Amino acid sequence: MTKDARWKQDFPKIGIRPTIDGRRKGVRESLEDMTMNLAKAVSFLLSENLRYPDGSPVECVIADTCIGGVAEAAACADKFAKAGVGVSITVTPCWCYGTETMDMDPAVPKAIWGFNGTERPGAVYLAAVLSAHAQKGLPAFGIYGRDVQDLNDPSIPEDVQEKLLRFARAGMAAALMKGKSYLAIGSVSMGIAGSMIDPDFFQEYLGMRNEYVDMSEITRRVEEEIYDPEEYKLALAWVKENCKEGPDNNPAHIQTSREKKDKDWEMVVKMTQIVRDLMVGNPRLAELGFAEEAMGHHAIVSGFQGQRQWTDHFPNGDFHEAILNSSFDWNGIRAPYLVATENDSLNGVSMLFGNLLTHTAQIFADVRTYWSPDAVKRVTGHELTGIAQNGLLHLINSGPAALDGTGEQMRDGQPVLKPFWEITEEDKNNCLKATSWRPAAVEYFRGGGFSSDFLTRGGMPVTMSRLNLVKGLGPVLQIAEGYTVDLPEEVHDKLDQRTDPTWPTTWFAPNLTGEGAFKDVYSVMDNWGANHGAICYGHIGADLITLASILRIPVSMHNVNADQIFRPRAWGMFGTNDPEGADYRACQNFGPLYK
């Protein structure tokens with residue numbers, strides 16, 4: 001069995017900086033224990049609630065001493081650099097010397113919790129040091145509890161916990177991306193601009209590099225057998241047992257033979273192994289004499305062009321995209337690999353954001369059609385009600401989507417998408433049973449192959465997001481929270497038959513605000529910036545907004561409640577009456593995180 005080769009390097013850690021009033025002979029000494037205990041409490045909170053992509057608890061590193069001046073700040077910075085700290089949180093109950101104690105690393109996301117207590121002026125330090133951060137162009141998140149606490153109260157209030165966790169989740173997502181690769185397999189698919197890779201964006205905003213492989217590399221590895229043959233036997237047997245083939249919707253005169261379909265299954269299984277190995281490497285290949293190929297491209301996300309140069313001749317990439325994006329395969333339950341259909345790197349990055357924030361599989365989909373209530377009634381006779389009463393978006397990928405997207409994983413009797421370490425064998429089997437593999441539509445995919453076909457269960461809270469690039473502006477993020485929807489079977493069938501019924505469908509009802517892009521469902525569709533969207537389980541819009549602000553990416557539309565939005569304190573200096581405009585101005589002013 002091939003082992004997961006992804007976790008080669010240590011994960012970044014969260015550094016916690018207890019800062020203190022530097023005055024000795026009474027002041028500092030009276031605060032040492034409480035200040036360090038605050039740091040320990042934050043460390044415990046984060047380690048108990050946050051996980052790395054492999055499921056292990058996030059590790060925190062605390063400065064060796066409280067930081068009362070520049071010498072101790074420098075010692076802390078040295079410790080953090082050696083420990084691989086990627087996110088910084090400063091905590092204090094008291095006044096400290098701002099510019100002497102602050103974190104000066106421009107590439108590390110940073111937050112400061114100033115304890116709200118009247119005995120010592122922690123809030124005064126918080127305001128002073130946040131002012132210093134703004135003045136020096138080092139944006140930091142300010143955390144200040146709503147209610148006054150007693151100085152000897154060791155607890156962390158709920159509102160402070162929420163901000164600490166939101167910042168840490170987003171900060172870790174940024175840190176986990178840094179130094180990784182986006183692997184483009186092939187080039188531009190059918191003129192889709194998202195598959196025109198912009199290396200400056202990846203380098204300056206995400207701290208990532210770009211790797212490129214021609215699709216002919218897959219052909220070479222198939223023909224020269226540069227894959228694990230034992231794993232291939234295991235995989236093919238697993239596929240025959242667990243991946244049920246659905247009916248062939250092609251007209252009889254263009255349907256492929258049984259022999260061709262069997263050959264396609266063999267090919268797509270090999271493609272799945274090879275794409276994974278291209279992304280992250282495979283030590284088994286070195287044992288087989290392919291040391292260079294065994295290394296991989298250190299890719300945290302990839303994209304496969306497919307159409308048309310590949311799919312006009314070879315089986316399409318739908319199987320490997322669906323299986324790699326899922327939380328399981330023939331090697332068992334494991335973390336999803338992220339592969340963007342049609343090499344749409346911008347939707348790949350949107351998937352990456354959602355995955356790093358939740359550690360769940362992501363659904364890649366076309367934002368295909370807005371169905372108004374009137375149109376649904378005209379075509380089907382059915383009247384939409386409940387969360388669907390204002391209309392629906394038909395999210396359907398032209399071939400694959402993660403099998404987790406079936407909604408067949410259950411928690412407390414409700415459909416969910418889980419991080420892989422919570423997925424049970426029953427969950428996995430239910431996802432497989434709910435999916436059929438339909439012979440590819442030959443008019444689209446002349447080389448054949450198989451497309452995953454399923455219908456997503458309704459009632460799940462989800463967030464659709466999309467990163468867009470605008471000339472002269474740069475990256476812009478769009479966010480729409482909402483719910484998946486169940487339709488009566490006959491209604492779904494009538495609507496689904498109007499497109500390609502061999503593809504996976506998610507019916508999505510965005511939450512409406514009555515204003516702007518969320519005035520109605522039509523406006524959401526009309527304002528969406530591209531033909532694709534990434535769908536993540538849960539309402540994670542607030543976390544996406546925090547992550548975007550860390551990376552200096554403005555958010556052009558969202559339906560997140562204003563009281564959930566958490567950005568660096570300096571954003572308020574760019575205006576408080578128009579937060580969206582202030583976000584644009586702040587991101588432009590401070591520029592990309594890694595430029």
Side-chain angles (χ1 to χ4, degrees), residues 15-23 27-28 31 35 38-39 42 63 66-74 76-77 80 87-149 157 159-160 163-164 166-168 170-171 174 545-546 548-552 554 565-579 581-593 595:
I16 302 177
R17 309 173 70 256
T19 57
I20 198 167
D21 192 322
R23 287 171 285 199
V27 176
R28 174 166 178 160
L31 295 162
T35 304
L38 279 182
V42 171
C66 291
I67 301 167
V70 67
E72 288 165 318
C76 174
F80 284 6
V87 180
S88 164
I89 298 177
T90 298
V91 301
T92 189
C94 61
W95 169 255
C96 316
Y97 301 162
T99 59
E100 295 183 27
T101 59
M102 64 189 286
D103 179 356
M104 294 286 289
D105 190 328
V108 172
K110 47 186 63 58
I112 301 129
W113 174 28
F115 184 87
N116 184 4
T118 56
E119 293 91 339
R120 297 285 184 175
V124 179
Y125 168 72
L126 177 63
V129 78
L130 287 171
S131 173
H133 277 280
Q135 188 169 330
K136 292 177 176 293
L138 303 171
F141 290 76
I143 300 173
Y144 181 54
R146 180 174 292 275
D147 297 318
V148 171
Q149 291 180 258
D159 60 327
V160 172
K163 289 183 176 179
L164 284 168
R166 176 152 293 142
F167 165 76
I545 289 172
T546 296
S549 68
I550 288 173
L551 302 172
R552 321 284 201 263
I565 296 174
F566 189 38
R567 291 179 170 124
R569 182 67 62 85
W571 264 234
M573 302 295 181
F574 294 86
T576 56
N577 287 334
D578 175 20
D583 182 33
Y584 274 80
R585 291 186 289 273
C587 289
Q588 182 179 39
N589 179 74
F590 291 114
L593 182 59
K595 189 170 183 178

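Everything numeric in this text was worked out from a predicted model, so none of it was measured.
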Please report the closest heavy-atom contact between [X] and [Y], naming both atoms and the distance.
| X | Y | answer |
| --- | --- | --- |
| Gly572 | Thr576 | O-CG2, 3.6 Å |
| Pro18 | Thr35 | CB-CG2, 3.6 Å |
| Arg17 | Ala73 | NH2-CB, 4.0 Å |
| Cys66 | Arg28 | O-NH2, 3.0 Å |
| Arg585 | Asp578 | NH2-O, 4.2 Å |

Sequence neighbours excluded and cut-off under 3.5 Å, please list the side-chain donor-acceptor pairs for residues 97-115, or say none.
residue : atom : partner : partner atom : Å
Thr101  : OG1  : Tyr97   : O            : 2.9
Thr101  : OG1  : Gly98   : O            : 3.4
Thr101  : OG1  : Tyr125  : OH           : 3.0
Asp103  : OD1  : Asp105  : N            : 3.0
Asp103  : OD2  : Ser88   : OG           : 2.8
Asp105  : OD1  : Ala107  : N            : 3.0
Lys110  : NZ   : Asp105  : O            : 2.5
Lys110  : NZ   : Val108  : O            : 2.5

Tell me every residue that passes side-chain contact (heavy atoms from CB on, under 4.5 Å) with Val27, counting only those two or more places apart in sequence or in another chain.
Asp21, Arg23, Leu31, Arg120
Contacts of type side-chain contact (heavy atoms from CB on, under 4.5 Å), residue Leu593, not counting sequence neighbours
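side-chain contact (heavy atoms from CB on, under 4.5 Å) list for Leu593, sorted by chain: Ile550, Leu551, Arg552.
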Thr92 side-chain N/O to Thr19 backbone N/O, donor-acceptor pair under 3.5 Å
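Yes: the side chain of Thr92 pairs with the backbone of Thr19.
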Hey, can you pull the donor-acceptor pairs under 3.5 Å for the side chains in residues 136-144, sequence neighbours left out?
residue : atom : partner : partner atom : Å
Tyr144  : OH   : Asn116  : OD1          : 3.2

With sequence neighbours excluded, what pairs up with Trp571 under the ring-ring contact (aromatic ring centres under 6.0 Å, His included) test?
Phe590
By side-chain hydrogen bond (donor to acceptor under 3.5 Å, both in side chains) - contacts of Arg569 (at least two apart)
none
Can Val42 and Leu38 be said to form a side chain to side chain contact (heavy atoms under 4.5 Å, CB included), step by step?
CA-CA 6 Å; Val42 171; Leu38 279 182; 5.6 Å; no
